Number of protein chains: 2
Amino acid sequence: MTVDEPDEMAEQHEPDTVARRGRWRTGERSRRRILDAARALFAERGYDRATVRRIAATAQVDPAMVYYFFETKSRLFTEALALPVNPAEEVAAELSGGVDGLGERIVRHFLDVWDRAPTVEPMLALLRSAPTDERSAAMFTGYIEQEIIARIATVVPEPARLRAELVGSHLMGLLLARHVLRIEPLASTSPDTVATWMGPTLQRYLTDPAPAPDPTA
Amino acid sequence: MTVDEPDEMAEQHEPDTVARRGRWRTGERSRRRILDAARALFAERGYDRATVRRIAATAQVDPAMVYYFFETKSRLFTEALALPVNPAEEVAAELSGGVDGLGERIVRHFLDVWDRAPTVEPMLALLRSAPTDERSAAMFTGYIEQEIIARIATVVPEPARLRAELVGSHLMGLLLARHVLRIEPLASTSPDTVATWMGPTLQRYLTDPAPAPDPTA
DNA sequence: AACTTTGTTCATCGCTTGTTGAATATGAGG
DNA sequence: CCTCATATTCAACAAGCGATGAACAAAGTT
């Protein structure tokens, strides 16, 4: 999954060669290529190490074009990750099925989503950039909190947010171990098996009565 | 927890002022300061964004001294994180208590370790650098796998490694949510409460019989 | 055909990075 | 005293970074 040279870019848009002196007008071609390359490189290397020059090279485009379409690297980052980062309606759909078996449904949902390319890349980009880039840390926690945790918290008993965050932290750990660090054999274990193991755990967090109380808050 | 200017460095070694023209000879003083600053900055900003110049400035030392003592930035990174990254004997001690209540003991152990400064810094440095720096990714997974997962895997039933990695992924998620992203209220919840919630979960991963079998491996 | 707009290229700025080599200071050993 | 190894400073290098501004080319507009 290494994006290195300006070889074959995943382009389902227009299957024509790249060298092109005449017949353009809409820059959307270049714009798409830049966005695709940006998503891939941000996901692979994080915000800092994904340089504008390299994104441009991967997109087979002059670096100045990046600034022509997207004012700045920061805006490119935001725009590249803006669209596909909002599949929260699907989470809402899972939640609408009630809390019975919700834990396993959530694991299956995320494993399924993570194994499909266009959604996992922005998530990886955010996760990779979060430690070094304040903006993406905010975006990541914002996304996790608002879109996931807050929704889960609406359907579980108190302490709802803590329950939801325990689920969220386990899912983040799974994403880290499986898709970023690729620790074996977890990385190669089938989604079904992982869901069977983790489902009851998350279910416990969601619906089991709270354990023994505690003095310190 | 921001290390910015060359103000007060955490130095328990020799409490004397920094300006110093005469009476040295052993460079160990500067060496210690560099190592301390490196640990702090690697932990705070990751490998890439912790610049040699900034480490030197924090250590109140000329940047060239970094290269005088430690050939290269890479070696400094390795050396700075080498020593305190091996508290695996403590894990072994937890494991020697048998598998009864092991889950909760493990959570308590890590929460305790993470709340003590000198051990959490190298871990954060590794976690922050892992996505962008191949060496630290290898160090991180290597540490997690060899020192933690492999040891746990020796005392639990099959599939031992998968069980251990499920535990490990949840712990990594907890570290990420609590100490890196600082998601509330999880970040401020007392170790006791967290241990009470997570303990039985990890225990289930460790000792419960494996769930229904699965075709794909 | 003249003009404007939009896409594209190129050269370059200012800055920071990791790293190096020469010079200088400072102690110890004779 | 001189000598020598070590510690420290200073200036600079090459490379890469994000970003800019001027120029050129192809289309739409009149």
Side-chain angles (χ1 to χ4, degrees), chain A residues 4 6 13-14 16-35 37-38 41-42 45-80 129 132-136, chain B residues 4 6 13-14 16-35 37-38 41-42 45-80 129 132-136:
Chain A
D4 259 319
H13 320 308
E14 295 185 40
D16 55 3
T17 55
V18 65
R20 167 73 70 77
R21 297 294 284 192
R23 198 217 121 212
W24 29 249
R25 179 77 222 212
T26 94
E28 195 174 352
R29 218 185 109 70
S30 307
R31 212 187 126 93
R32 300 279 303 233
R33 295 187 69 91
I34 293 174
L35 274 177
L41 283 173
F42 280 138
R45 313 177 62 93
Y47 183 79
D48 288 319
R49 291 170 67 101
T51 70
V52 172
R53 285 170 164 82
R54 189 145 182 159
I55 291 173
T58 304
Q60 286 161 297
V61 142
D62 191 278
M65 300 225 59
V66 176
Y67 295 94
Y68 177 72
F69 287 114
F70 316 89
E71 197 68 10
T72 172
K73 182 185 182 181
S74 172
R75 287 186 213 264
L76 171 62
F77 180 79
T78 304
E79 198 141 349
S129 306
T132 79
D133 183 61
E134 292 185 13
R135 174 179 48 263
S136 31
Chain B
D4 259 319
H13 320 308
E14 297 184 38
D16 55 5
T17 55
V18 63
R20 167 71 69 78
R21 296 296 282 190
R23 198 217 120 212
W24 33 248
R25 178 74 219 215
T26 92
E28 196 174 351
R29 217 184 111 69
S30 306
R31 212 187 126 92
R32 300 286 292 246
R33 296 186 69 90
I34 292 174
L35 275 177
L41 282 173
F42 280 139
R45 315 179 58 94
Y47 183 80
D48 288 317
R49 292 168 68 101
T51 71
V52 173
R53 283 170 164 85
R54 187 144 182 161
I55 291 174
T58 304
Q60 286 161 298
V61 143
D62 190 277
M65 299 226 58
V66 175
Y67 295 91
Y68 178 72
F69 287 114
F70 317 89
E71 197 68 9
T72 173
K73 182 187 183 181
S74 172
R75 288 189 213 264
L76 170 63
F77 180 79
T78 305
E79 198 141 347
S129 307
T132 81
D133 184 61
E134 293 185 13
R135 173 178 48 266
S136 31

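Chain naming here is simple, since letters A, B, ... match the order of the sequence lines and numbering starts at 1 in each. Source: prediction; values computed, not measured.
A heavy-atom distance below 4.5 Å is not found between the side chains of B:D62 and B:Y68. In this structure the side chain of A:L76 never reaches within 4.5 angstrom of the side chain of A:V52, judged on heavy atoms.
Once rounded to the nearest 0.5 Å, the distance linking CZ of B:F77 with CG of B:L41 reads 12.5 Å. Separation of atoms CZ (B:R53) and CD1 (B:I55) is listed at 12.0 Å; rounding is to 0.5 Å. Atom CZ of A:R75 is separated from atom CZ of A:F69 by 16.0 Å, given to the nearest 0.5 angstrom.
Computed from coordinates, the A:R49 CZ to C:dG18 P distance equals 12 Å when rounded to whole Å. Nucleotide C:dT17 holds its P atom 12 Å from the CG atom of B:L41, rounded to whole Å. A:Y68 places its OH atom 14 Å from the C1' atom of D:dG21, with the value rounded to the nearest Å. The nearest whole Å value for the distance from the CZ atom in A:F69 to the P atom in C:dT9 is 10 Å. For the pair A:I34 CD1 and C:dT9 P, the computed distance is 10 Å after rounding to whole Å. When rounded to the nearest whole Å, the span between CD1 of B:I55 and C1' of C:dT16 equals 15 Å. Per the geometry, CZ belonging to A:R29 stands 14 Å off P belonging to D:dA27, to the nearest Å. Regarding A:M65, its CE atom lies at a distance of 9 Å from the C1' atom of C:dT9, rounded to whole Å.
Within the 4.0 Å cut-off from OP1 or OP2 of C:dT19, at least one side-chain nitrogen or oxygen of B:Y67 is found. Under 4.0 angstrom from either OP1 or OP2 of D:dA19 there lies at least one side-chain N or O belonging to A:T72. When the side-chain nitrogen and oxygen atoms of A:S30 are compared with OP1 and OP2 of C:dT8, one or more of them lie within a distance under 4.0 Å.
The residue among A:P63 and B:R31 whose nearest nucleotide of DNA chain D is located toward the 5' end is B:R31.
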Could you go over nucleotides 11-15 of chain D and give all protein N or O partners under 3.5 Å, atom names and distances?
none

